[in-house]
Each structure stands twice: as C-alpha cells, then as structure tokens.
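Data first, discussion second: the structure below is written as structure tokens.
We're numbering straight along the sequence, starting at 1.
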Amino acid sequence: MSDTIRTIQVHTAPSYAVSIGAGLLRRCGESLRAIMPVCHVAVITDSNVAPLYLDTVCESLRSAGYTVSSHVFPAGETHKNFETLSDILEFLAEAQLTRTDCIAALGGGVTGDMAGFAAGCYLRGIRCVQLPTTLLSAVDSSVGGKTAIDLKAGKNLAGVFLQPAAVLCDTDCLTSLPAAVFADGAAEAVKTGVLSDESLFSLFEDGTLTSAPADVIARCVAYKAGVVERDEKEQNERRLLNLGHTIGHAIEKCSGYSIPHGHAVAAGLAIMARAAETLGWTEEPIAARIAACLAKNGLPTDTEYSAEALTAAALKDKKRAGDSITIVVPKKIGRCELKKLPVTELYGVIAAGLEG
Ligand code: GLY
C-alpha cells in the first residue's frame with residue numbers, strides 16, 4: 001500500500017480529522033501529539049485485537065511521551081453490555097484517569113462503541129480517539145460519535161453521542177482481517193454506495209474495495225462526514241445511514257448476535273430493496289443489482305427468520321417512536337428516503353422483502 005495519508009475533516013463541534021493510510025498505528029503517538037498534549041491514555045481493546053496491535057500502540061504512545069494503561073475485554077457483540085462497560089469504568093477509575101486524559105478505542109465496531117460510551121460517561125465525559133482496525137469501523141462506526149451498548153431488549157439501546165478527538169485508520173490492519181470480517185465492513189460500504197451515488201456504488205461492483213481500500217474508505221468517510229455535519233444528533237438526514245439496519249438489527253437479535261452486524265445489515269438491505277421494489281416505491285429496478293453487489297462482496301441477501309420474528313424484534317428497535325417506525329427506502333442508487341409507517345404496516349413490508 002502507498003504511504004499516502006488521506007485526511008478528512010469532520011466539521012462538528014469539536015471538529016476532528018479522520019486520517020486514513022498505512023502505518024498509522026505505529027506512528028499514533030506522534031500523530032496524537034499534533035492535536036493533544038501529553039496526558040494519560042487508556043487504551044481499550046478486545047481479546048482478538050490485543051495480541052495483534054496493543055504493544056505497537058502502547059509503544060508508540062509511550063515514545064511520544066504519554067503515560068499509558070490498557071484494558072482488554074472479551075471480544076464479541078455478546079460482550080457489548082453493562083458488565084463490560086462497568087469493568088471499563090472501574091478500570092479507568094483504578095488507573096486514575098482525570099478529565100484531561102484520554103481513551104484510545106483500538107479495534108472494531110464493538111470496541112469503538114464500548115470505549116466511546118465509557119469516554120462519554122466517565123467523569124461525565126473525557127476525550128476519546130478512535131483507532132479502527134476493521135473495515136466496518138473504518139468506513140462507518142469510528143466516525144460520527146455514536147457510542148452504545150446492547151440491552152436485553154435490543155441492540156445499541158443505551159449510549160451517548162461523543163465525537164472523537166481524532167480517528168486514525170491504519171489500512172495495514174485490513175490485510176490481517178479474515179474474509180468474513182472484511183465482508184462485514186463491505187456491507188456498510190455498499191450501504192454508503194446506495195445512499196451516495198452511482199460512482200461510489202460501482203466501486204463495490206467492480207472489486208475496487210479490495211484492490212484500493214484506502215480510496216474507498218476515504219470516499220465513504222467523506223460522505224458520512226457530510227451527513228454528520230448537517231445532522232449530528234440524528235434528528236433527520238442522519239437517519240438515512242440506518243438503511244438496512246431496522247431489519248439488520250432484527251436479524252442480529254433473532255440470531256442471539258451469532259450473525260455479525262455487517263452480514264445482518266447486508267441481508268437487511270437486500271430485503272428492504274426487494275420490499276421497496278415489490279411495493280412500487282422504487283424509481284428503477286435496483287433489488288437484483290444490490291443483491292448481486294452484496295453477494296459479490298461475500299455477503300448474504302436473505303435470512304432464515306420469519307417476517308413475524310423479524311417484526312417482533314424490529315419493533316423493539318430505537319427507530320420506533322410510539323405507534324410509528326421510520327424506515328429507509330432505497331428509491332434508486334444514490335437516492336433513499338425516510339418513510340414513517342404505522343407499526344402495524346411493518347410486517348407487510350418485511351414479508352414483501354423476504355425471498356420465497
Ligand atoms: N452508523 C450510522 C451512524 O453513524 O449514524
């Protein structure tokens with residue numbers, strides 16, 4: 001991979017840079033010194049990522065003058081819960097982090113969500129930097145400040161918005177990802193293509209995501225940055241980024257989180273596109289094209305769960321508001337719309353999107 005570092009500025013308050021390129025973890029200490037004085041950095045990571053990158057990150061931070069502590073929690077969505085959050089908060093207190101210190105979230109989406117949430121509530125909020133190591137966290141979850149844990153009733157039901165102080169996305173990490181984990185991120189990237197435009201979407205049809213991932217990540221982040229800048233707290237436009245997620249979260253929940261987020265979102269996106277086409281909501285035939293693109297990227301396009309089971313799970317989703325739920329409808333590549341439905345109509349939409 002080339003040494004080019006692509007930088008995208010996210011103009012929220014505070015504003016921050018997302019840097020994308022090779023070798024960023026081994027240089028993270030010096031990169032952070034450019035934006036943050038010497039302090040105590042608590043690196044939070046999971047048991048999959050710790051053996052790969054924790055030493056590199058801690059060494060780079062120490063060389064740059066930071067005091068460093070680290071905490072490793074068990075990997076997996078089933079650990080994105082109160083118990084793990086509580087362990088992280090107790091660790092931060094034991095390590096005596098103060099309000100001028102910082103958390104570094106090193107890992108994928110679960111780590112970014114958990115560590116970000118801890119940063120948002122420890123001492124009522126301290127700084128957090130995101131060091132994404134998966135494609136999913138690079139293209140989506142490390143940017144935009146959403147943090148969360150899952151509750152028994154559903155996914156991401158407790159959390160805070162906390163924009164990171166910086167995001168350093170080291171594309172070297174992508175080379176060590178198992179194919180299924182890479183595909184997981186491809187789902188969020190394809191979703192961004194459907195939302196954004198033909199030219200981005202076609203990069204997932206022609207294999208550019210695997211041949212030039214840094215360019216594709218930069219384009220996805222630039223798109224997301226624009227949305228987040230216009231609607232940081234998801235009052236309106238940002239809800240479009242939930243394309244595929246109402247059904248996707250329901251699939252995750254029905255599977256007891258054994259189906260990973262990206263795979264569930266891919267199936268949710270394909271089901272939503274088929275439903276939109278069947279119900280006459282699309283402006284051009286897109287369902288087969290989206291499904292083919294997802295399949296090309298190693299992703300599922302359907303689910304074994306029934307419309308009844310998915311509807312029951314989806315109605316516990318945070319996108320429900322009283323007796324209505326807002327879904328994201330793809331009209332054509334590059335144009336999606338929010339549609340508010342009475343909850344009684346969700347079953348019909350999901351049933352229309354299931355194959356067979
Ligand atoms: N992952 C969707 C969002 O950040 O809004």
Side-chain angles (χ1 to χ4, degrees), residues 1-11 17-22 132 134-144 167 169 171 174 177 182-231 236-245 248 262 265-274 276-277 281-301 328-338:
M1 284 184 196
S2 86
D3 280 346
T4 314
I5 303 295
R6 295 149 183 84
T7 303
I8 292 140
Q9 197 68 30
V10 185
H11 299 283
V18 180
S19 305
I20 301 154
T134 64
L135 181 61
L136 188 143
S137 53
V139 294
D140 186 60
S141 60
S142 67
V143 179
V167 181
C169 170
T171 48
L174 304 179
L177 292 180
F182 190 90
D184 223 32
E188 292 284 5
V190 171
K191 173 205 82 175
T192 308
V194 176
L195 288 164
S196 165
D197 57 52
E198 270 288 341
S199 71
L200 181 56
F201 184 78
S202 65
L203 301 182
F204 309 111
E205 297 182 300
D206 70 12
T208 307
L209 177 61
T210 19
S211 60
D215 291 335
V216 178
I217 293 167
R219 287 193 56 181
C220 291
V221 168
Y223 174 80
K224 181 167 181 178
V227 175
V228 168
E229 285 164 6
R230 290 186 292 274
D231 180 20
N236 190 22
E237 182 186 353
R238 187 168 178 174
R239 292 188 290 172
L240 290 169
L241 300 182
N242 295 325
L243 175 64
H245 282 61
V265 165
L269 170 57
I271 293 165
M272 195 59 236
R274 277 195 299 272
E277 209 165 290
W281 293 341
T282 51
E283 290 170 10
E284 61 189 29
I286 50 168
R289 189 174 170 201
I290 290 173
C293 181
L294 292 166
K296 183 181 166 78
N297 285 278
L299 289 160
T301 59
V328 186
V329 177
K331 311 283 286 183
K332 60 184 217 173
I333 301 301
R335 199 153 94 76
C336 296
E337 271 181 13
L338 298 173

Please identify each residue that fulfils salt bridge (Lys or Arg N to Asp or Glu O under 4.0 Å) with [X], with sequence neighbours left out.
{"X": "Arg274", "result": "Asp302, Glu355"}
{"X": "Lys296", "result": "none"}
{"X": "Glu283", "result": "Arg335"}

I'd like to know whether Val143 forms a side-chain contact (heavy atoms from CB on, under 4.5 Å) with Val228, so could you lay out the CA-CA distance, the side-chain angles of the two residues, the decisive distance to 0.1 Å, and finally the verdict. CA-CA 9 Å; Val143 179; Val228 168; 5.5 Å; no
Of all the heavy-atom pairs spanning [X] and [Y], show the shortest one and how long it is.
{"X": "Phe204", "Y": "Cys220", "value": "CZ-SG, 4.2 Å"}
{"X": "Ser19", "Y": "Ile5", "value": "CB-CG2, 4.0 Å"}
{"X": "Ala291", "Y": "Thr301", "value": "O-CG2, 3.4 Å"}
{"X": "Ile8", "Y": "Ala218", "value": "CD1-O, 3.3 Å"}
{"X": "Thr7", "Y": "Ala17", "value": "CG2-CB, 3.8 Å"}

Can you list every salt bridge (Lys or Arg N to Asp or Glu O under 4.0 Å) pair that touches residues 188-199, not counting sequence neighbours?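 Found Asp140-Lys191, Glu188-Lys191, Asp197-Arg219, Glu198-Arg289.
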Is the shortest side-chain heavy-atom distance between [X] and [Y] below 4.5 Å?
{"X": "Leu241", "Y": "Lys224", "value": "yes"}
{"X": "Glu229", "Y": "Arg238", "value": "no"}
{"X": "Val190", "Y": "Leu269", "value": "yes"}
{"X": "Leu177", "Y": "Thr134", "value": "yes"}
{"X": "Lys332", "Y": "Thr282", "value": "no"}
{"X": "Leu209", "Y": "Leu203", "value": "no"}
{"X": "Val221", "Y": "Val139", "value": "no"}
{"X": "Ile217", "Y": "Leu174", "value": "yes"}

Using modelled atom types only, decide if a donor and an acceptor are shared between the side chain of [X] and the backbone of [Y] within a distance under 3.5 Å.
{"X": "Thr171", "Y": "Ala22", "value": "yes"}
{"X": "Ser142", "Y": "Ser137", "value": "yes"}
{"X": "Ser196", "Y": "Gly334", "value": "no"}
{"X": "Asn297", "Y": "Leu299", "value": "no"}

To the nearest 0.5 Å, tell me how far Leu195 CG sits from Cys336 SG.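 Rounded to the nearest 0.5 Å, the CG-SG separation comes out at 4.5 Å.
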Looking at CD of Glu277 and CD1 of Ile290, how far apart are the two atoms once the value is rounded to the nearest 0.5 Å?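 The CD1 atom of Ile290 is 8.5 Å from CD of Glu277, to the nearest 0.5 Å.
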Applying side chain to side chain donor-acceptor pair (under 3.5 Å), can you list everything that pairs with Asn236, at least two apart in sequence or on another chain?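 Side chain to side chain donor-acceptor pair (under 3.5 Å) list for Asn236, sorted by chain: empty.
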Where do Asp184 and Leu135 land on the side-chain contact (heavy atoms from CB on, under 4.5 Å) test, with the steps shown first? CA-CA 8 Å; Asp184 223 32; Leu135 181 61; over 6 Å; no
If the threshold is 4.0 Å, N to carboxylate O, is there a salt bridge linking Glu337 and Lys331?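 Salt bridge between Glu337 and Lys331, a charged N being under 4.0 Å from a carboxylate O: yes.
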All side chain to side chain contact (heavy atoms under 4.5 Å, CB included) counterparts of Asp215, not counting sequence neighbours: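 If we apply the side chain to side chain contact (heavy atoms under 4.5 Å, CB included) test to Asp215, skipping adjacent residues, the hits are Arg6, Ala212.
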